[in-house]
Amino acid sequence: MLRNDTLRNIALTSELHDYLLTQGRMTPDPLLLELAERTRALTPDQAHMVVAPEEAALLTFLVRLLGARNVVEVGTFTGSSSLCLARGLVTGGSLLTCDVSAEWTALAREFWVRGGVADRVELRLGPAVDTLRALPAEPYLDLAFVDADKPGYVDYWEELVPRMRPGALILVDNTLFSGQVIDEFPGEKAAAVHAFNEHAREDERVELVMLAVADGLTMARRLP
């Protein structure tokens with residue numbers, strides 16, 4: 001592997017992180033901040049699953065950049081990422097989001113209404129792989145965001161890739177998994193993410209980059 005050892009990622013201190021958010025004009029979003037607080041109250045052990053501020057801004061940015069009309073999300077949780085995705089949709093666009101928890105997504109529904117995007121979001125409860133398999137088979141999706149159970153990543157990928165139009169983006173979250181993907185003996189979830197990363201890297205239907213955003217974000221562009 002080619003590598004320039006004189007170029008290294010700098011440590012992202014809290015002060016530097018604040019600077020990063022300021023330079024990207026990612027001012028604190030009161031609605032997302034409140035949603036994060038409500039999520040911590042609802043499920044403190046899972047609150048880390050709320051999308052990071054810089055990733056939240058990136059999701060909206062990419063949806064707008066693509067002029068996306070048809071977007072799918074796998075893994076709704078309490079709705080922070082879906083709120084960001086829906087905000088970026090073109091007029092008449094829609095987001096289909098998949099989850100299995102009625103409790104968590106009840107909070108998401110509240111914040112979609114408050115964020116003025118409820119009319120653009122369709123929630124389907126049940127196993128996401130079944131929801132994806134029921135979608136039209138032709139390539140029509142503009143963007144997909146996957147942030148759900150890690151052992152399911154490969155299955156979600158295989159359902160999504162054929163449904164992405166040429167030039168569409170698939171975004172997959174947590175692909176560095178706190179650095180555990182390179183551990184000699186990773187846990188079950190980290191091992192599943194590592195296996196997915198290898199699977200996606202070898203897929204000739206896409207061109208792919210992995211970014212050190214939040215917990216690792218893979219971006220894959222569907223080739224013609």
Side-chain angles (χ1 to χ4, degrees), residues 28-60 63 68 70-89 93-135 141 143-157 159-160 170-178 180 187-193 196 213-218:
D29 183 316
L31 197 60
L32 288 175
L33 289 174
E34 183 184 345
L35 178 53
E37 287 298 324
R38 293 278 298 279
T39 300
R40 276 189 282 273
L42 174 66
T43 175
D45 293 340
Q46 305 297 329
H48 63 279
M49 291 164 54
V50 171
V51 69
E54 61 271 32
E55 188 174 10
L58 180 61
L59 293 178
T60 304
V63 173
N70 298 300
V71 177
V72 168
E73 176 184 48
V74 181
T76 312
F77 191 40
T78 57
S80 57
S81 53
S82 51
L83 179 59
C84 296
L85 292 166
R87 281 173 166 174
L89 290 167
S94 63
L95 166 67
L96 171 66
T97 184
C98 315
D99 208 280
V100 295
S101 172
E103 180 183 17
W104 291 347
T105 55
L107 184 58
R109 288 182 188 274
E110 175 189 335
F111 277 79
W112 296 336
V113 171
R114 292 178 57 189
V117 301
D119 61 332
R120 305 172 218 170
V121 181
E122 178 187 355
L123 171 66
R124 293 190 190 175
L125 292 177
V129 71
D130 293 339
T131 299
L132 296 178
R133 285 173 181 159
L135 296 178
L141 295 174
L143 184 144
F145 179 58
V146 179
D147 184 13
D149 60 296
K150 309 316 173 193
Y153 270 22
V154 171
D155 289 338
Y156 302 144
W157 177 267
E159 294 302 326
L160 285 167
I170 303 179
L171 310 174
V172 184
D173 204 13
N174 304 119
T175 48
L176 291 178
F177 207 77
S178 301
Q180 297 175 37
E188 179 184 2
K189 292 181 180 180
V193 173
F196 165 76
V213 173
D215 193 29
L217 181 68
T218 291

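What you see is a predicted model; the values in this text were computed from it and never measured.
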Does the side chain of T131 come within less than 4.5 Å of L96's, by heavy atoms?
-> yes
Drop me the distance from L35's CG to T78's OG1, to the nearest 0.5 angstrom.
-> 4.5 Å
Given side chains that start at C-beta, do those of S81 and L59 come closer than 4.5 Å, heavy atoms only?
-> yes
Indicate the atoms forming the closest heavy-atom contact of C84 with T60, along with that distance.
-> O-OG1, 2.7 Å
Should F145 and L217 count as side-chain neighbours, where that means a heavy-atom distance under 4.5 Å?
-> yes
Taken to the nearest 0.5 Å, the spacing of C98 SG from L125 CG works out to 9.5 Å
Looking just at side-chain N and O atoms, do Y156 and D149 make a donor-acceptor pair shorter than 3.5 Å?
-> yes
Contact summary for R87 and R120, nearest pair of heavy atoms | CA-NH1, 3.8 Å
Which atom pair, heavy atoms only, marks the closest approach of A86 to V121?
-> CB-CG2, 3.8 Å
From the list V74, T218, L160, side-chain contact (heavy atoms from CB on, under 4.5 Å) partner of V172 resolves to T218
Nearest-0.5 Å distance, CG of residue D215 to OG1 of residue T175 | 7.5 Å
Which atoms form the tightest heavy-atom contact between S82 and E73, and what is the distance?
-> CB-OE1, 3.1 Å
Can you tell me how far CG of L135 sits from CG of D130, rounded to the nearest 0.5 angstrom?
-> 11.0 Å
Here the gap from T43 atom OG1 to R38 atom CZ, rounded to the nearest 0.5 Å, amounts to 13.5 Å
Between A108 and F77, which heavy-atom pair has the shortest distance, and what is it?
-> CB-O, 4.2 Å
Given the rule in the side-chain contact (heavy atoms from CB on, under 4.5 Å) test, do W157 and V146 qualify, once you have shown the distances and angles that lead to the verdict?
-> CA-CA 8 Å; W157 177 267; V146 179; over 6 Å; no
OG-CG distance between S80 and D147, expressed to the nearest 0.5 angstrom | 8.5 Å
Just by distance, with hydrogens left out, do T97 and T76 show a side-chain donor and acceptor under 3.5 Å apart?
-> yes
Compare all side-chain heavy atoms of F196 with those of K150 and state whether any distance is below 4.5 angstrom.
-> no
Sub-4.5 Å side-chain heavy-atom contact between V193 and N174 | no
Any side-chain heavy-atom pair from N70 and S94 closer than 4.5 angstrom?
-> yes
Without swapping roles, check the side chain of R40 against the backbone of A47 for a donor-acceptor pair under 3.5 Å.
-> no
Close side-chain approach of L143 to L85, heavy-atom, < 4.5 Å = yes
Do you know which two heavy atoms are closest between G115 and L83, and how far apart they sit?
-> CA-CD1, 4.2 Å
